[in-house]
Amino acid sequence: MEAILGHDDTIKSLVDDILDHYESYRENLLTGKAMIVAYSRAIAMKIYKRILEIRPGWEEKVAVVMTASNKDPEEWHGIIGNKRHKEELATKFKDNDSPLKIAIVVDMWLTGFDVPSLATMYVYKPMMGYNLMQAIARVNRVFRDKEGGLVVDYVGIAGALKQAMNDYTVRDKKNYGNTDIAKVAYPKFQEKLQVCRDLLHEYDYSAFFGGNELTAGRTITGAVNFLMDRKREKDRESYTKEALLLKQALSLCSSIAEEDEREEAAFFEAVRVLLMRILNQGGGGKKLSLPEINAKINELLKQSIKSDGVINLFSDKEQDFSLFDPKFLEEISRMKEKNLAVELLKRLIAEQVHIYKRTNLVKSEKFSEIMQSAMNRYLNGMLTNEEVIQEMLNLAKQIREAQKAGEDLGLTADELAFYDALTKPQAIKDFYENEELIAITKELADTLRRSRTVDWQKREGARARMRMMIRKLLKAHRYPPEGMDDAVTTVMQQCELWADNIMSL
């Protein structure tokens, strides 16, 4: 048996097939963790060497986990390592963020070793009964949205699995579920495929199939734009859930799904991923930058889309998207996908306002109010797509001009925040020359900078002294004018915001 299983040509063919399947369907599923079960230690080594021969950059991605022997060839020692090395590998494989994704095993890790995110097992070893059930249980652990694990059988263990299942109690059979993917997973996949079709039935995505890369990319972007319509909020929520279930079902039955079904599912998944990244719904609530969106979509499409009145979401993943780039804003204004344009502008402006919330009290309040007002009128149907885009482009221009205003006054971003606080009441400038306001600003900033080592956040006494120091400084400049005492409150709030922000860095 081993002579046949371990033949070099057989191993090459096996590894080629595993890599093709893994990279096509499993690498981007959950954490990408997979296990290859080899018939013997010698075969495990052949599989390992063949993988690195094809993928030389995968030294950290794949590892052999098996017991060592004094009779092992010298070259094996550095690969197998000692007990401590295997413990380190176990820690890495359990770490969802670790670069170690593929473990080649023989006997170790097949029982009593739990990696909940493990979703794929390639079996190249005859197993029976309890040992077989224990091995398969490795990929059957609960994890996030994981619906089940996939076992790829290279040695015909289906019969042994069925016998092993018959040997278990009814309760255990219910726990393991029906193992016939043709009867369980495939019908569910087809059901979810139809649900996604129904949710997009008003959008023609036929151009995705058989077209060029440009057409495919535009079709995906168009589908996202379709779902981003303000009237389709419920459909959008349903789509993200159903498309995820479709992806999970396909992961269990990709080997028996028709090619056109897999291609259509790939389209739905590309739309889902882009939609979620635009809406900041992915990654456990973590916001992704637009360059990161590019990277995610490139993983799915492996292509670049040229921009022609459509924002280039799929271009160089290192590209920086900025509100301060007029050409970029002009490109957004020319987008045909208006719903997507609205969301992108809202996203960029919200990120800039978020920065202001940590640094500039007055500007953050002003820009937040303008954006919220525009979005409320848009959602209430008082503004068209084109009108809300124009309002947000105007807001982007104001943010840009606000930054330039500080430079024109010779003020840093910190100093401009103090200047804005001092001059928030419109009438203030009637009582002071601008040069005097700038002088107060710089003195205020210098005073706070000299005291930046004081822990304002934890010591209330220090905060009280800071307030007293600021009041004394303002009083020396006869600020504020009589009857405008509320102005001091704004200045004080800005100073505390500055102090809190500095101490949190």
Side-chain angles (χ1 to χ4, degrees), residues 22-33 96-97 101 117 119 143-147 189 192-193 195-197 199-200 203 205 207-209 211 213-229 232-233 235-252 254 257 261-305 310-319 321 335 337 339-341 343-344 346-347:
Y22 176 76
E23 292 180 314
S24 297
Y25 304 111
R26 312 300 290 182
E27 186 174 13
N28 294 315
L29 180 68
L30 299 176
T31 62
K33 301 287 185 179
N96 294 328
D97 298 321
K101 301 298 182 185
S117 66
F143 178 76
R144 292 183 191 167
D145 298 318
K146 177 179 172 183
E147 192 161 286
F189 163 71
K192 296 304 176 184
L193 191 65
V195 171
C196 290
R197 289 168 180 160
L199 288 168
L200 287 178
Y203 175 75
Y205 56 88
F208 177 83
F209 309 102
E213 293 177 347
L214 174 61
T215 302
R218 284 179 172 170
T219 306
I220 292 170
T221 309
V224 173
N225 181 68
F226 172 81
L227 289 167
M228 287 301 304
D229 190 297
R232 292 193 172 90
E233 183 177 357
D235 285 349
R236 187 163 63 243
E237 293 176 356
S238 296
Y239 180 86
T240 56
K241 295 176 182 176
E242 296 296 334
L244 176 61
L245 292 173
L246 173 66
K247 171 191 173 184
Q248 293 170 342
L250 179 61
S251 72
L252 298 174
S254 58
E261 291 177 326
R262 294 198 303 270
E263 189 175 4
E264 190 172 11
F267 167 75
F268 289 137
E269 173 63 4
V271 172
R272 183 188 73 86
V273 170
L274 179 55
L275 184 63
M276 291 184 69
R277 294 305 182 260
I278 293 294
L279 296 175
N280 298 328
Q281 293 178 350
K286 177 184 177 183
K287 292 185 177 182
L288 295 185
S289 66
L290 289 175
E292 286 174 315
I293 294 174
N294 285 342
K296 202 69 181 177
I297 298 303
N298 280 331
E299 289 174 11
L300 292 171
L301 301 181
K302 295 181 180 178
Q303 64 185 30
S304 292
I305 303 299
V310 178
I311 187 171
N312 190 353
L313 282 175
F314 313 99
S315 62
D316 181 1
K317 65 181 69 175
E318 300 300 324
Q319 180 178 347
F321 297 82
M335 283 178 65
E337 295 83 357
N339 296 319
L340 185 53
E343 190 62 32
L344 288 171
K346 185 177 76 172
R347 163 88 174 263

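Throughout, numbering of the chain's residues begins at 1 and tracks the sequence. Source: prediction; values computed, not measured.
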Taking the side chain as everything from C-beta on, heavy atoms only, tell me whether [X] gets closer than 4.5 Å to [Y].
X: Phe209; Y: Glu264; result: yes
X: Leu245; Y: Lys241; result: no
X: Leu227; Y: Tyr203; result: no

What is the distance from atom [atom1] of [X] to atom [atom2] of [Y], rounded to the nearest 0.5 Å?
X: Phe268; Y: Lys247; atom1: CZ; atom2: NZ; value: 15.5 Å
X: Thr219; Y: Phe226; atom1: OG1; atom2: CZ; value: 14.0 Å
X: Asp235; Y: Thr240; atom1: CG; atom2: OG1; value: 11.0 Å
X: Leu275; Y: Thr221; atom1: CG; atom2: OG1; value: 11.5 Å

Report task. Applying side-chain hydrogen bond (donor to acceptor under 3.5 Å, both in side chains), name anything that partners Arg232, two or more places apart in sequence or on another chain. Result ->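 Residues passing side-chain hydrogen bond (donor to acceptor under 3.5 Å, both in side chains) with Arg232: Glu202.
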Query - Pairing residues for Glu27 by the side-chain hydrogen bond (donor to acceptor under 3.5 Å, both in side chains) criterion, not counting sequence neighbours - result: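 Glu27: side-chain hydrogen bond (donor to acceptor under 3.5 Å, both in side chains) contacts with Lys61.
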Query - Contact summary for Ala265 and Leu250, nearest pair of heavy atoms - result: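 It is CB-CD2, 3.9 Å.
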Report task. Kindly indicate, with the supporting measurements, whether the criterion side chain to side chain contact (heavy atoms under 4.5 Å, CB included) is fulfilled by Leu246 and Glu269. Result -> CA-CA 8 Å; Leu246 173 66; Glu269 173 63 4; over 6 Å; no
Query - Non-neighbouring partners of Tyr239 that pass ring-ring contact (aromatic ring centres under 6.0 Å, His included), sequence neighbours left out - result: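 Not a single residue meets the ring-ring contact (aromatic ring centres under 6.0 Å, His included) criterion with Tyr239.
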Report task. Applying ring-ring contact (aromatic ring centres under 6.0 Å, His included), name anything that partners Phe267, two or more places apart in sequence or on another chain. Result ->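 Partners of Phe267 under the ring-ring contact (aromatic ring centres under 6.0 Å, His included) test: Tyr205, Phe208.
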Query raised in the report: Is there a donor-acceptor pair under 3.5 Å between the side chain of Tyr22 and the backbone N or O of Gly32?
Result: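 Pair found, side chain donor or acceptor close to backbone of Gly32.
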**Report entry** Set of salt bridge (charged side-chain N to carboxylate O under 4.0 Å, His left out) partners for Glu242, sequence neighbours left out
**Finding:**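 For Glu242, the residues satisfying salt bridge (charged side-chain N to carboxylate O under 4.0 Å, His left out) (neighbours in sequence not counted) are Lys192.
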Query raised in the report: Are the charged groups of Glu233 and Arg236 less than 4.0 angstrom apart, N to O?
Result: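 The answer is no: the pair does not qualify as a salt bridge.
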